[in-house]
Protein chains: 2
Amino acid sequence: MAANSRLTIAVHALTWIALAQRRGQEWLTSEQVAASVNTNAVIIRRSLGDLRRAGLVEVRHGAGAGWSMARAPEDITLLQVYDAVEREPLFAMHHTEPNLECPIGRGIRPVLGTVYERADQGLRRELGRTSIADVLRDCL
Amino acid sequence: MAANSRLTIAVHALTWIALAQRRGQEWLTSEQVAASVNTNAVIIRRSLGDLRRAGLVEVRHGAGAGWSMARAPEDITLLQVYDAVEREPLFAMHHTEPNLECPIGRGIRPVLGTVYERADQGLRRELGRTSIADVLRDCL
DNA sequence: CCTTGCTGTAATAATGTATGTTACATCCAA
DNA sequence: TTGGATGTAACATACATTATTACAGCAAGG
């Protein structure tokens, strides 16, 4: 699959904001976050926008604008970040409908759907075990 | 991520070959498999080629050529199929190196590497619980 | 040993997604 | 009112996936 770096970008941004706040800087601009992630500020705004819609960060407009945590780093798991930024399922079904005259073609999609659902749960269970606070601690 | 259908295609092909063999047809051509999956025969040959390199199927050339299981359907898990056909990791790191003058930029990659490794293990544990024989049974 | 049918793979195209970049309307604290 | 940042559209580039055509290579069976 074309693995993407959305989760990486979002976790990096959140962790950096968490560290800045611990150091007393309440609001960070997308430029400041982009400087640590080393990417374009628009990429950061898009990512933080996803996190805002999920209720994980807050944004402030006008003069002195920027981004801030909406919750304590201990209360944000990587699973919540994953859900906020990732839209596609892990595994795709057939591009074109399989041959319904074949018993396998008829039956395989729900069967695979169940298997893929369990695999997804296994992935999510692990992502739910790590918080932004854990990532911050291990970074330092 | 751009979810792909490689696992779906490979499992479908294997399950169909397993059913054909149970019905007494030992060798299937890529055209016959493609007719059930409803895709091009070259796609099937590429997928089965991956499975052959992993030791899951056998190929026969010349007249009467085709594909056959190299193991019993009970002894092939979807995890083995996944490993045979999937090359990319689930999550990508940053496209460009993060800012190494930032504590997060310096430390985050190994931290995320560990988390992503655990998430991958969670996914794989579940895929290892299902065999081609299970898929075949549930299809019928 | 030669025919025949299928495999293995290269080359190409169409499509979709990820990332990066510029531009600009909008917003709001000071 | 204004200045600086957000939100988002528009576009470019790069790459992955799937599909398709073409053809060399292989080997079973006449």
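Order of the sequence lines sets the chain letters (A, B, ...), proteins ahead of strands, with each chain counted from 1. The basis for the numbers below is simple: all heavy atoms, side chains too, and nothing from hydrogens, waters or symmetry mates.
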For residues 47-57 of chain A, please give each side-chain donor-acceptor pair under 3.5 Å, one per line with the distance, not counting sequence neighbours.
from	atom 1	to	atom 2	distance (Å)
A/D50	OD1	A/R53	NH2	3.2
A/D50	OD2	A/R87	NH2	3.1

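- Contacts classified as side-chain hydrogen bond (donor to acceptor under 3.5 Å, both in side chains) and involving residues 56-69 of chain B (residues at least two apart or in different chains) are given here: B/Q21-B/S68, B/E26-B/S68.
- Residues passing the side-chain contact (heavy atoms from CB on, under 4.5 Å) test with A/A18, sequence neighbours excluded: A/M69, A/P73, A/I132, A/L136.
- Screening residues 7-20 of chain A for salt bridge (Lys or Arg N to Asp or Glu O under 4.0 Å), with sequence neighbours left out, gives no hits.
- Between the side chain of B/N99 and the backbone N or O of A/A35 there is at least one donor-acceptor pair closer than 3.5 Å.
- Against DNA chain D, the stretch residues 48-55 of chain A makes heavy-atom approaches under 4.0 Å through A/R52, A/R53.
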Each nucleotide N or O in nucleotides 26-30 of chain C that has a protein N or O under 3.5 Å away: list the pair and distance.
from	atom 1	to	atom 2	distance (Å)
C/dC28	O4'	A/G62	N	3.4
C/dA29	O4'	A/A63	O	3.4

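- Sorted by first and then second residue, the ring-ring contact (aromatic ring centres under 6.0 Å, His included) pairs with a member in residues 93-114 of chain B read A/H12-B/H94; sequence neighbours excluded.
- Note on residues 108-137 of chain B: pairs passing ring-ring contact (aromatic ring centres under 6.0 Å, His included), not counting sequence neighbours, are B/F91-B/Y116.
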Less than 3.5 Å apart, which donor and acceptor atoms pair up between the side chains of residues 100-113 of chain B and the rest of the protein, not counting sequence neighbours?
from	atom 1	to	atom 2	distance (Å)
B/R106	NH1	B/L100	O	2.9
B/R109	NH2	B/E97	OE2	3.4

> How does protein reach along nucleotides 9-14 of chain D, written 5' to 3' as B (base within reach of a heavy atom under 4.0 Å), S (only sugar-phosphate), or - (no contact)?
Replying inline: -B----

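- Within a heavy-atom distance below 4.0 Å of DNA chain C, the residues of residues 29-41 of chain B found are B/T29, B/S30.
- For DNA chain C, no neighbouring residue in residues 12-22 of chain B is found when judged by any heavy atom under 4.0 Å.
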